[in-house]
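Values below: all heavy atoms of this structure, side chains included; hydrogens, waters and symmetry mates excluded.
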Amino acid sequence: MGKNSTLGKTYWHAPFVAGIQIDLRNLADCLSYRGEYELSKEALKIDLVITKSTDAPLNHDIAQIFRGHNIFEYKSEKDSFSVWNYSKVMGYAFLYSSMNKIPLTDISVSIVLTKFPKKFARHLYENWGIKIEHKGDGIYHVPGEKFPVQIIESKKLSRENLFLRNLKSTLTKNEAEAMGLMFNKLDIERKNIYVDRVTQANRLIFKEVMKVDTFMDLAMEVAEEQGWFEKRDRELAKEWDKQKNENLVKKMLSNGFTMEQIMQVTDLSAETIKGLE
């Protein structure tokens with residue numbers, strides 16, 4: 001058995017590269033070859049996959065196109081979206097189908113952007129003859145693909161999608177007030193990662209609306225309510241004695257506060273905090 005074969009199987013990839021180079025030897029001046037080409041230096045990751053366990057249509061504007069497997073690509077407010085980004089997302093869908101043996105007919109793709117990508121839409125129409133179709137508040141469909149594709153313009157979504165619509169750093173006072181009411185109505189914990197990121201990104205407006213300086217002040221309030229230090233000026237609070245500081249850190253760790261939040265409140269180093277875990 002040859003050393004390039006295992007259990008009778010011959011591996012032809014390397015000979016294939018050599019063979020095509022020989023056949024195209026007259027074009028050597030204008031061609032270059034890269035065998036075993038890595039598509040990405042990092043692992044390819046899909047932002048979100050939602051699987052559906054029912055064949056019935058779903059009564060929600062975002063979920064209208066859902067199939068058994070639904071791939072989401074998310075771009076934040078400062079990210080752009082080009083035809084190259086689009087090609088990558090389509091590639092994810094085909095790879096997902098291939099690697100999981102999922103038919104393309106059971107896949108959908110959703111691309112979530114803060115603003116509608118006008119330049120990309122113009123490129124599709126002028127170069128591919130594809131006209132993106134407006135289907136509702138912030139919902140657009142891309143026809144002609146192997147599976148349903150939609151673009152979601154988050155800032156124009158209906159109130160049914162309040163949390164996705166407000167995933168930005170430019171909330172107005174009215175939007176922040178509405179979010180605060182929903183946090184309470186849905187009993188969403190302040191340590192929830194969504195609440196944390198949105199309030200931190202809109203620190204000043206939430207401070208005005210909720211009369212609290214986001215999580216740093218929230219942590220201080222908890223400390224005061226629990227008697228971890230006497231009520232005093234916030235700047236003097238950092239003079240707690242070591243035992244009270246340690247008690248506060250342990251309490252914050254048990255309640256899910258992040259390392260960054262604990263460092264902001266206690267002025268302790270990450271190394272010190274880790275030693276208290």
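Taking OH of Y86 as the start and CD of E145 as the end, the distance is 3.5 Å to the nearest 0.5 Å. Atoms CD1 and CZ, from I132 and F116 in turn, are 4.0 Å apart once rounded to the nearest 0.5 Å. Taking NZ of K155 as the start and CG of L113 as the end, the distance is 11.5 Å to the nearest 0.5 Å. Remark: F72 CZ to I152 CD1 distance equals 5.0 Å, nearest 0.5 Å. Residue R197 holds its CZ atom at 10.5 Å from CG of L167, rounded to the nearest 0.5 Å. Taking CD of E175 as the start and OG1 of T170 as the end, the distance is 7.0 Å to the nearest 0.5 Å.
Within 6.0 Å of the CH2 atom in W128, the count of heavy atoms belonging to other residues, nucleotides or ligands exceeds 12. Sparse packing is recorded around CG of N59, with 12 or fewer heavy atoms of other residues, nucleotides or ligands lying under 6.0 Å away. Around atom OH of Y125, no more than 12 heavy atoms belonging to other residues, nucleotides or ligands sit under 6.0 Å away. No more than 12 heavy atoms of other residues, nucleotides or ligands sit less than 6.0 Å from atom CG of D55. The environment of F16 atom CZ is sparse: at most 12 non-hydrogen atoms of other residues, nucleotides or ligands sit within 6.0 angstrom.
The only member of K119, K88, H123 that meets side chain to side chain contact (heavy atoms under 4.5 Å, CB included) when paired with V83 is H123. Screening Q150, K135, E153 against Y140 for a side chain to side chain donor-acceptor pair (under 3.5 Å) leaves a single residue, E153. Looking at L104, D106, T105 one by one, the single match for side chain to side chain contact (heavy atoms under 4.5 Å, CB included) with F147 turns out to be L104.
In this structure, S98 contributes its side chain and F94 its backbone to no donor-acceptor pair below 3.5 Å. Checking side-chain atoms of S97 against main-chain N and O of I102 turns up a donor-acceptor pair under 3.5 Å. Between the R165 side chain and the L162 main chain, no donor and acceptor come within less than 3.5 Å of each other. In this structure a side-chain-to-backbone donor-acceptor pair under 3.5 Å is missing from E133 to P143. Checking side-chain atoms of N202 against main-chain N and O of K168 turns up a donor-acceptor pair under 3.5 Å. A donor-acceptor pair under 3.5 Å is formed between the side chain of Q64 and the backbone N or O of L58.
Of all the heavy atoms in V109 and M90, the pair that sits closest is CG1-CE, 3.8 Å. When every heavy atom of N85 is checked against every heavy atom of S80, the shortest pair comes out as OD1-O, 3.8 Å. Contact between G136 and H134 at its shortest, heavy atoms only, is O-NE2, 2.6 Å. Closest approach of K52 and F66 over heavy atoms only: CE-O, 3.6 Å. Closest approach of S110 and I65 over heavy atoms only: OG-CD1, 4.0 Å. Considering all non-hydrogen atoms of both residues, I71 and A93 come closest at CD1-CA, 3.6 Å.
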How far apart are the C-alpha atoms of H60 and N161, what are their side-chain angles, what is the distance that settles it, and do they pass the side chain to side chain contact (heavy atoms under 4.5 Å, CB included) test? CA-CA 9 Å; H60 192 288; N161 305 293; 2.7 Å; yes
Could you walk me through whether M179 and F163 pass side chain to side chain contact (heavy atoms under 4.5 Å, CB included), step by step? CA-CA 8 Å; M179 291 298 291; F163 287 85; 3.7 Å; yes
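For the pair K75/T114, no side-chain contact is recorded, criterion being any heavy-atom separation below 4.5 Å from C-beta on. The closest side-chain heavy-atom distance from R67 to I107 is not below 4.5 Å.
Under a hydrophobic-cluster definition in which Ile, Leu, Val, Met, Phe, Trp and Tyr are linked whenever side-chain heavy atoms come within less than 4.5 Å, directly or via other members, I139 and I111 are assigned to different clusters. If you chain together hydrophobic residues whose side chains sit under 4.5 Å apart, Y33 and L27 fall into the same group.
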